[in-house]
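Some notes on the structure that comes next.
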Amino acid sequence: MRPPIDQATVLITGAAGGIGRELARLLSRRVRTLVLVDREVARLEPLREELLTRYPTLGVILHACDVCEPREVDAMVASLEAQFVRVDVLVNTATLGLKGLYAEARWGGLEELLRSNVWVPALLTHRLLAPMLERGRGGVLNIGSGAAQLMLPGSAMFAATQRFLDGFTESLRLEVEGRGVVITRVAPGPVGDSGAEEAGSAPFFQMSLERCARAALAAFERGEALVYPGWGHRWVMRLLPLLPRGLQRSLGRLALRGVRREALAAPEALPVGLAAPVLLTREPNPA
């Protein structure tokens with residue numbers, strides 16, 4: 001079963017940057033309408049101008065919406081319905097990552113990470129999935145992280161939210177099986193700009209945002225449940241669950257030493273609890 005993409009309406013959160021922006025670029029040549037959502041429409045304007053320059057007949061709707069707030073989400077859905085815009089595919093890419101020891105982090109940042117990575121995909125899927133099931137066609141593409149497979153000290157809350165997304169996506173996929181809706185989770189490793197990858201200076205297993213988006217979209221179209229973009233990353237993710245839990249903890253301890261070294265080496269550059277560049281599409285509230 002394939003999700004409806006050609007001449008469809010696709011809603012993307014987190015499209016102002018990162019994988020969300022790359023997916024918008026890839027989809028723009030095929031879909032009828034893109035609905036791009038952000039708390040600040042101004043962040044989406046450059047992308048809309050770019051897409052319309054390439055594809056003048058493409059419909060691009062920008063919505064200012066705090067997708068953590070049910071009232072704003074309901075108002076957005078009602079506005080789309082009033083314009084006779086029917087969302088065929090939902091793409092959740094608005095993911096936050098925090099780097100730092102949990103006990104030393106500010107709760108405001110942790111709460112926003114929790115809302116962004118758990119509340120948002122759950123809320124938007126809840127609002128848009130039922131109409132898809134009624135029509136017997138649709139798709140939900142959740143962009144997460146390979147951190148769901150890791151013990152990740154220094155990013156404890158982030159790893160926990162990725163475990164939620166894993167269980168949520170897999171369970172929901174079974175609920176809608178055979179009803180015309182494709183649900184896929186993408187769990188990338190390190191991602192970055194294509195320049196570093198082409199120059200050979202990218203970290204181990206890092207892939208460009210564009211390649212990651214292409215792999216995500218291809219797997220979604222094949223109706224896959226889970227995709228790990230990149231062959232190296234994919235094999236590591238398949239191997240990790242086979243390791244004894246004690247060995248996994250030892251690997252986590254090694255990661256923790258690196259976090260502590262970074263904090264000591266550059267305490268002002270990356271204070272504990274602030275955003276780190278891990279699949280970021282939004283910045284946390286400094287409160």
Side-chain angles (χ1 to χ4, degrees), residues 12-27 47 91-100 113 116-117 141-163 165-166 184-220 224 226-243 248 251-263 265-266 269-270 274-284:
I12 305 177
T13 65
I19 297 173
R21 180 175 57 195
E22 296 303 323
L23 283 169
R25 287 169 172 162
L26 290 174
L27 290 165
L47 179 59
V91 181
N92 289 307
T93 74
T95 304
L96 278 180
L98 291 177
K99 189 173 184 180
L113 181 148
S116 176
N117 297 4
L141 179 61
N142 290 325
I143 308 296
S145 166
Q149 294 277 26
L150 302 174
M151 295 179 185
L152 207 59
S155 298
M157 182 73 89
F158 177 72
T161 63
Q162 296 312 301
R163 283 170 169 77
L165 193 64
D166 181 24
T184 297
R185 180 173 74 93
V186 183
V191 293
D193 62 70
S194 58
E197 186 179 37
E198 292 170 0
S201 59
F204 191 54
F205 285 159
Q206 177 170 304
M207 67 188 311
S208 69
L209 290 165
E210 181 182 1
R211 283 186 59 204
C212 183
R214 288 184 182 279
L217 186 57
F220 185 46
E224 295 184 14
L226 170 64
V227 57
Y228 295 113
W231 68 268
H233 173 62
R234 180 165 57 253
W235 281 108
V236 168
M237 290 295 102
R238 288 175 176 174
L239 175 64
L240 278 173
L242 303 178
L243 300 179
Q248 293 183 45
L251 294 174
R253 292 187 184 99
L254 289 175
L256 178 59
R257 291 175 190 171
V259 171
R260 287 174 172 162
R261 281 198 301 268
E262 288 180 16
L270 187 62
L274 292 186
V278 183
L279 289 176
L280 290 181
T281 56
R282 297 170 51 212
E283 296 180 357

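Along the sequence shown, residues are numbered consecutively beginning with 1.
Annotation: side chain to side chain contact (heavy atoms under 4.5 Å, CB included) contacts of L150 (sequence neighbours excluded): L152, M237, L240. Evaluation of the side chain to side chain contact (heavy atoms under 4.5 Å, CB included) rule for M151 yields R245, Q248, R249 as partners, not counting sequence neighbours. Scanning for side chain to side chain donor-acceptor pair (under 3.5 Å) contacts around N117 gives T161, with sequence neighbours left out. A156 pairs by the side chain to side chain contact (heavy atoms under 4.5 Å, CB included) definition with nothing, not counting sequence neighbours. Contacts of A215 classified as side chain to side chain contact (heavy atoms under 4.5 Å, CB included), with partners at least two apart in sequence or in another chain: P229.
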Checklist entry - Between V186 and I19, does a side-chain contact (heavy atoms from CB on, under 4.5 Å) hold up when you go through it step by step? => result CA-CA 11 Å; V186 183; I19 297 173; over 6 Å; no
Item to check | Criterion side-chain contact (heavy atoms from CB on, under 4.5 Å) on N92 and L165, from CA distance to verdict | outcome: CA-CA 11 Å; N92 289 307; L165 193 64; over 6 Å; no
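A pairwise comparison of heavy atoms in G20 and I12 identifies O-CG2, 4.1 Å as the closest pair. The two residues A213 and L23 come nearest to each other via the heavy atoms O-CD2, 3.6 Å. Taking all atoms of both residues into account, the shortest heavy-atom contact from L256 to P153 is CB-CG, 3.7 Å. Nearest heavy-atom pair, A148 versus Q162, reported as atom, atom and distance to 0.1 Å: CB-O, 3.4 Å.
When the shell of 6.0 Å around CZ of R163 is examined, it contains more than 12 heavy atoms from other residues, nucleotides or ligands.
Checking side-chain atoms of T13 against main-chain N and O of T93 turns up a donor-acceptor pair under 3.5 Å. Judged by distance alone, with hydrogens and angles left aside, the side-chain atoms of E224 form no donor-acceptor pair with the main-chain N or O of A219 at under 3.5 Å. Checking side-chain atoms of H233 against main-chain N and O of P190 turns up no donor-acceptor pair under 3.5 Å. Without hydrogens or angle criteria, T184 side chain to L226 main chain gives no donor-acceptor distance under 3.5 Å.
L141 CG to R185 CZ: the interatomic distance, rounded to the nearest 0.5 Å, is 11.5 Å. Taken to the nearest 0.5 Å, the OH atom of Y228 stands 13.0 Å off from the SG atom of C212.
Geometrically, R238 engages W235 in a cation-pi contact, judged by NZ or CZ lying under 6.0 Å from the ring centre and within 45° of the ring axis.
Contacts classified as side chain to side chain donor-acceptor pair (under 3.5 Å) and involving residues 14-27 (residues at least two apart or in different chains) are given here: E22-R25, R25-E50.
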